[in-house]
Amino acid sequence: MSEHLAAVAETTKLARVLGISDPTELDFLVDLPPAALRQYRERVTDLLFDRDAKRMKAIAAASKIVPVAISSKIAERAFGPVLCAAVAGAVEPQRAVDIAKNLTADFLAETAVLLDPRRTAAIIAAVPATMVTDVARELLSRGDHITMGRFVHVVPEPALRAAAPVMSDPDLLRIGFLLEDKTAIDRVLHIVADRVPGVIRAAHEQDMWAEGIDLLDNIAPHNRAWIGDITAALGDDVLDALITAVARLDAWATLLPITSAMSPDSLRLFAQRPSVHDETILTAIITTAADHDLWSQALPLIDAALTTDTPDTVWQTLIHQRDRIPAPLLTELAAHARALGHDQYGDQLQPLGTATH
């Protein structure tokens, strides 16, 4: 599941590089490895930037002898965003920032669309927080989450904090989905921690669960518990929609590590949802645990479902799927069933060739 979502994000960014307005035209590529798609995108970018590398360096060198104010006017009125983006990587970072300070947010946004973060990271890191905010506002007014996502990992935390208020909750979801470096997700979560409930509600209300599930798939283990607890506290409608989306996207391998990190009370709320007791859902959970060796993550949810007021479907599904369950675990489940007074289920779960009492 995570590979598929990553491939979708990559084809979205690749469409931008290739000048394709509708990313779905590249849907035939989403079954390819995301790393291969990214490598191809970077090679295309390198080809575009390197074809006139010598000329760009010459222009950058010439700009050093021109006062900053004049360089700014030349950049906006003569060069335009395309040439400025091509030259940017060859200009000394602080001088590039000084020139940018005299440019409009609109022009900077048009230029940012064309920049390669691998070549301009030092420049972006030196841009003042107010300028980052102005450019972010302009990009978002155009619905450009791709450019935002490509630069988050090189923007310093003070600038991210300053820009965060101009991003709506759906914006945060979309930008997170398109991040160039997914390890930046945890840094962003730290900055917008108070907005996580709103971000999850946005996933529910605007049917952006694919983006939300991708976020869950990429957060660090230490963030799973509090995000899981926040999700559980948002109510039955949100939980039901999440379960439905996870089933539709076959994303239990992403959600089980989250549910296993929940507090007992939050996990109980999740396990009580009727959909968790649906045999199709339970079978998918067991299949995922077996196929991905996620029994330690699946068992807390299964156990919580077994201790609700309606455990029979859970027991019956475990029996139907017993061939997928390791023998030691079957023994534990059989003993657990008897301890709860369900001897009939315990006998059926007992591994073959072992004593039943």
Side-chain angles (χ1 to χ4, degrees), residues 1-17 23 26 29-43 45 112 115-121 124-125 132 136 139-140 144-157 159-161 163-164 167 169-193 195-196 199-200 202-203 208-228 230-231 242 245-246 249-258 261 292 294 297:
M1 176 58 206
S2 60
E3 288 282 293
H4 175 74
L5 287 177
V8 171
E10 280 299 327
T11 56
T12 301
K13 289 182 278 189
L14 178 59
R16 165 66 65 80
V17 174
L26 298 180
L29 297 175
V30 297
D31 291 329
L32 295 175
L37 292 170
R38 178 172 183 147
Q39 185 179 48
Y40 174 68
R41 174 168 59 86
E42 290 178 345
R43 286 181 178 177
T45 301
L115 290 176
D116 180 2
R118 295 172 300 161
R119 300 162 189 265
T120 56
I124 301 302
V132 171
L139 288 169
L140 292 174
D144 188 351
H145 302 99
I146 296 175
T147 301
M148 295 285 292
R150 290 174 61 234
F151 286 97
V152 165
H153 67 289
V154 296
V155 175
E157 183 168 322
L160 283 179
R161 287 189 178 279
M167 307 176 203
D169 292 334
D171 286 333
L172 288 172
L173 267 176
R174 190 64 179 163
I175 292 167
F177 181 65
L178 294 168
L179 283 179
E180 190 75 359
D181 183 351
K182 292 290 188 177
T183 63
I185 281 181
D186 294 290
R187 186 161 67 106
V188 174
L189 282 176
H190 171 70
I191 292 171
V192 299
R195 294 179 57 184
V196 169
V199 171
I200 298 172
M208 297 178 70
W209 282 117
E211 290 86 347
I213 290 168
D214 178 73
L215 183 151
L216 295 178
D217 193 55
N218 286 283
I219 60 174
H222 68 267
N223 280 322
R224 291 170 180 166
W226 68 275
I227 288 182
I230 285 175
T231 303
L242 172 60
V246 168
L249 296 169
D250 190 21
W252 287 106
T254 293
L255 191 61
L256 290 176
I258 305 296
H292 299 277
L294 291 176
Q297 286 85 4

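Summarising the geometry of D186 relative to N218, their closest heavy-atom pair is OD2-O, 4.0 Å, with the distance given to 0.1 Å. Across all non-hydrogen atoms, the minimal contact from R224 to I258 is CG-CD1, 3.6 Å. H292 and A253 make their closest contact through CD2-CB, 4.3 Å (heavy atoms, listed as atom of the first residue, atom of the second, distance). Across all non-hydrogen atoms, the minimal contact from M148 to L140 is CG-CD2, 4.2 Å. Closest approach of H153 and P117 over heavy atoms only: CE1-CB, 4.4 Å. Nearest heavy atoms, V154 versus A121: CG1-CB, 3.8 Å.
In this structure, OG1 on T183 lies 14.0 Å from CD1 on I219, to the nearest 0.5 angstrom. Taking OG1 of T45 as the reference point, atom OH of Y40 lies at 10.0 Å (rounded to 0.5 Å). With rounding to the nearest 0.5 angstrom, the CZ atom of R119 is 14.0 Å from the CD1 atom of I124. Note that CG of L173 is 13.0 Å distant from CE of M167, once rounded to the nearest 0.5 Å. Atom CG of residue L294 and atom CG of residue L256 lie 6.0 Å apart, to the nearest 0.5 angstrom. In this structure, CG in L179 is found 13.0 Å from CZ in F151, a value given to the nearest 0.5 Å.
Evaluation of the salt bridge (Lys or Arg N to Asp or Glu O under 4.0 Å) rule for D169 yields R195 as partners, not counting sequence neighbours.
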Going through the checks in order, is the salt bridge (charged side-chain N to carboxylate O under 4.0 Å, His left out) test met by E10 and R41? CA-CA 8 Å; E10 280 299 327; R41 174 168 59 86; 3.1 Å; yes
List the steps and the verdict of side-chain contact (heavy atoms from CB on, under 4.5 Å) for L14 and L29. CA-CA 10 Å; L14 178 59; L29 297 175; 4.0 Å; yes
Might you work through the side-chain contact (heavy atoms from CB on, under 4.5 Å) test for R174 and T12, ending with a clear yes or no? CA-CA 12 Å; R174 190 64 179 163; T12 301; 4.3 Å; yes
Worked check of side-chain contact (heavy atoms from CB on, under 4.5 Å) between D217 and L5: CA-CA 10 Å; D217 193 55; L5 287 177; over 6 Å; no
Assess the residue pair I213 and L255 against the criterion (side-chain contact (heavy atoms from CB on, under 4.5 Å)); give the C-alpha distance rounded to whole Å, side-chain angles, the decisive distance to 0.1 Å, and a yes or no. CA-CA 8 Å; I213 290 168; L255 191 61; over 6 Å; no
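Remark: D181 does not engage R187 in a salt bridge, criterion side-chain N to carboxylate O under 4.0 Å.
A side-chain contact (heavy atoms from CB on, under 4.5 Å) with L139 is found for exactly one of T147, D171, I146, namely T147. When each of L172, L215, L189 is tested with V196 by the rule side-chain contact (heavy atoms from CB on, under 4.5 Å), just one qualifies, namely L189.
Side-chain atoms of K182 come within 3.5 Å of backbone atoms of G176 as a donor-acceptor pair (strictly under, hydrogens ignored). Remark: the backbone N or O of E180 is paired with a side-chain donor or acceptor of R38 at under 3.5 angstrom.
Counting heavy atoms from C-beta on, the side chains of T254 and V246 never come closer than 4.5 Å. Within the 4.5 Å cutoff, the side chain of R16 has no heavy atoms near those of the R150 side chain.
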